[in-house]
Amino acid sequence: MITRRLGKLGWPVSVIGFGGIPVQRCDETEAIRVIQAAFRAGVNFFDSARGYTDSEKKIGAALKEYPREQFILASKSMARTAEGMLAEIAKSRADFGVATIDLYQFHNVRLPEELARILAPGGALEGAREAQKRGWVRALGITGHVTDLLEKAVVTGYFATCQFPLNVVENRAIERLLPACREQNMGTIVMKPLAGGAFGPQWAEKALRYLLAFPVSVIIPGMDSVDQVAANCRLGEEAKPLDPAEEQELLAFAQTLGQQFCRRCEYCLPCPEGINIPLIFLLDGYWSRYNLEEWAVDRYKNVAVKAEACVQCGRCEERCPYDLPIREMITRAGRHLQGPA
Ligand code: SF4
Ligand code: SF4
């Protein structure tokens, strides 16, 4: 596996890291198999979050038999106060089952007032620094989807790493955020490399190889099967960027996603009616793009609050950073996913 440096921290990181969301779906035994397979294939960067239910526990349980210095543990929290952050870091340590977490990130910072709150006296930065003093955490980072805000955050100098989405359809980071991070010598962690599942299995390889050409530290696809681990890690070994013809193919596919494409950032939530908007768009993507109508209709049956519950209040649209016409899209998705009458 190719390694790169995690910015000013200088830590060698495998170019393919482990995104900790999908292991939530695996039972404990399978999760351990998948995580250990990743470690054995050369992955040394494992990213989780307080919000990912039992992901930290599964990662900790899987890696406990390996020498601690051979892997980097990263997690993150939505806490914005000093007290809250310290308490969250304590829980992450307990869940991972380690004394020290390598990288702790301020999770999904999206509004200027949120950043201000984190940095203010009594804010989450204070709590995270206290955790550093106690030896609970080695370095601090920030994560988010709103590139303008992250650009402001990176120049504060408080963060060693920045985690942001990057893929062929969500590439706003390339123009200013990535250069700004490089100027600050920050580690760069790419989330959503497969556009939150929009690139199905047939496009995963090209989508990851597309990213290998960028000067980022580590790309963290979520993985929930040993086969996925093997396929992704092979790309990290070969590190073969796309040739121009392959890139054209990927761009042509990206075009088919069109303007009405949900990036699954979840900013639109909560919906007052309890609709899981990105989940419904994900299922609709399978229905409309991957020829999986029956499968999607079947999965939709288990979705607690259906698209039909939408009262068209429009609150979600005010919050969507991509200006998606959510009301129109959710109505259409509901029609598709109801299945044949
Ligand atoms: S418009 Fe519909 S989906 Fe959006 S917040 Fe209102 S009820 Fe929820
Ligand atoms: S609808 Fe918009 S805000 Fe909601 S998850 Fe999709 S892209 Fe994000």
Side-chain angles (χ1 to χ4, degrees), residues 13 15-25 38 43 45-49 51-52 55 74-76 78 105-110 141-151 161-175 177-178 181 187-224 228-229 231-232 235-236 250-251 253-254 257-269 276-286 289-290 319-322 324:
V13 279
V15 70
I16 300 293
F18 192 91
I21 295 179
V23 282
Q24 293 175 92
R25 294 195 287 264
V43 169
F45 185 89
F46 295 83
D47 186 70
S48 189
Y52 302 166
S55 164
S75 196
K76 44 196 172 308
M78 296 288 292
Q105 302 154 101
F106 302 89
H107 191 179
N108 202 4
V109 183
R110 50 190 175 136
I142 186 166
T143 85
H145 290 73
V146 183
T147 51
D148 294 359
L149 182 77
L150 292 176
E151 283 162 34
T161 63
C162 183
Q163 180 175 153
F164 49 81
L166 180 61
N167 56 65
V168 74
V169 285
E170 192 169 3
N171 50 17
R172 288 182 301 179
I174 295 170
E175 202 182 327
L177 179 58
L178 187 52
C181 290
T188 44
I189 302 161
V190 171
M191 64 160 122
K192 304 261 180 347
L194 304 178
F199 296 112
Q202 64 272 49
W203 289 101
E205 177 187 330
K206 285 195 177 67
L208 290 176
R209 284 176 51 216
Y210 166 82
L211 292 171
L212 288 169
F214 291 96
V216 295
S217 312
V218 51
I219 301 161
I220 53 169
M223 302 182 230
D224 62 4
Q228 261 175 9
V229 166
N232 293 345
L235 303 178
L250 184 66
L251 290 170
F253 168 70
L257 296 174
Q259 297 304 313
Q260 294 191 357
F261 164 62
C262 170
R263 277 81 166 172
R264 307 195 68 213
C265 64
E266 300 194 352
Y267 290 160
C268 51
L269 301 179
N276 186 335
I277 299 166
L279 172 65
I280 287 178
F281 290 159
L282 178 72
L283 292 178
D284 191 36
Y286 283 117
R289 286 195 288 273
Y290 296 123
R319 300 189 204 121
C320 176
Y322 303 98
L324 295 185

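Counting begins at 1 with the first residue of the sequence.
- Between the side chain of Lys76 and the backbone N or O of Ile142, no donor-acceptor pair lies under 3.5 Å.
- Heavy-atom minimum distance, Glu266 versus Pro278: CG-CG, 3.9 Å.
- Note that CD1 of Ile219 and CG of Leu235 are 9.5 Å apart. Values are rounded to the nearest 0.5 Å.
- Here the closest non-hydrogen pair linking Ala173 and Pro165 is CB-O, 4.3 Å.
- Side-chain N/O atoms of Tyr210 and Asn167 include no donor and acceptor closer than 3.5 Å.
- A heavy-atom distance below 4.5 Å is not found between the side chains of His107 and Gln163.
- Annotation for Ala207 and Leu250: closest pair CA-CD2, 4.1 Å, computed over non-hydrogen atoms.
- Counting only distance, with no hydrogens or angles, the side chain of Ser217 and the backbone of Thr188 share a donor-acceptor pair below 3.5 Å.
- Going from atom CD1 of Ile21 over to atom OG of Ser48 covers 9.0 Å, rounded to the nearest 0.5 Å.
- Ring geometry for Phe46 against Phe18 counts as tilted: the plane angle lies between 30° and 60°, on a 0 to 90° scale.
- Closest heavy-atom contact between Cys162 and Leu150: SG-CD1, 4.1 Å.
- Checked by atom type, the side-chain pair Gln24/Asp224 shows no donor-acceptor distance below 3.5 Å.
- Here Cys268 contributes atom SG and Phe281 contributes atom CZ; the two are 7.5 Å apart, rounded to the nearest 0.5 Å.
- By the 30° and 60° cut-offs, the orientation of the rings of Phe199 relative to Phe253 is tilted.
- With rounding to the nearest 0.5 Å, the separation of CE in Met223 from CD1 in Ile16 is 6.5 Å.
- The shortest distance between side-chain heavy atoms of Leu208 and Pro221 falls below 4.5 Å.
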Show the numbers, then the answer: is there a side-chain contact (heavy atoms from CB on, under 4.5 Å) between Val190 and Ile220?
CA-CA 6 Å; Val190 171; Ile220 53 169; 5.9 Å; no
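- Pro215 has its side chain within reach of Leu178: a pair of non-hydrogen atoms, C-beta onward, lies under 4.5 Å apart.
- Distance alone, capped at 3.5 Å, is enough to place a donor-acceptor pair between the Gln105 side chain and the Ser75 backbone.
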Mind running side-chain contact (heavy atoms from CB on, under 4.5 Å) on Leu282 and Cys262 for me, showing each step along the way?
CA-CA 8 Å; Leu282 178 72; Cys262 170; over 6 Å; no
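- A donor-acceptor contact shorter than 3.5 Å links the side chain of Ser55 to the backbone of Gly20.
- Looking at Arg172 and Asp148, no side-chain N of the basic residue comes within less than 4.0 Å of a carboxylate O on the acidic one, giving no salt bridge.
- In terms of modelled atom types and a separation under 3.5 Å, the side chain of Tyr267 and the main chain of Tyr322 share no donor-acceptor contact.
- By the 4.5 Å heavy-atom criterion applied to side chains, Val15 and Val218 are not counted as neighbours.
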Just do the side-chain contact (heavy atoms from CB on, under 4.5 Å) check on Phe261 and Leu324 with the steps written out, would you?
CA-CA 8 Å; Phe261 164 62; Leu324 295 185; 5.8 Å; no
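- Rounded to the nearest 0.5 Å, atoms OG1 (Thr147) and CG (Leu177) are 6.5 Å apart.
- Once rounded to the nearest 0.5 Å, the distance linking NZ of Lys192 with CG of Leu211 reads 13.5 Å.
- Counting only distance, with no hydrogens or angles, the side chain of Asn171 and the backbone of Val168 share a donor-acceptor pair below 3.5 Å.
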Take Phe164 and Glu170, measure what side-chain contact (heavy atoms from CB on, under 4.5 Å) needs, and give me the verdict at the end.
CA-CA 10 Å; Phe164 49 81; Glu170 192 169 3; over 6 Å; no
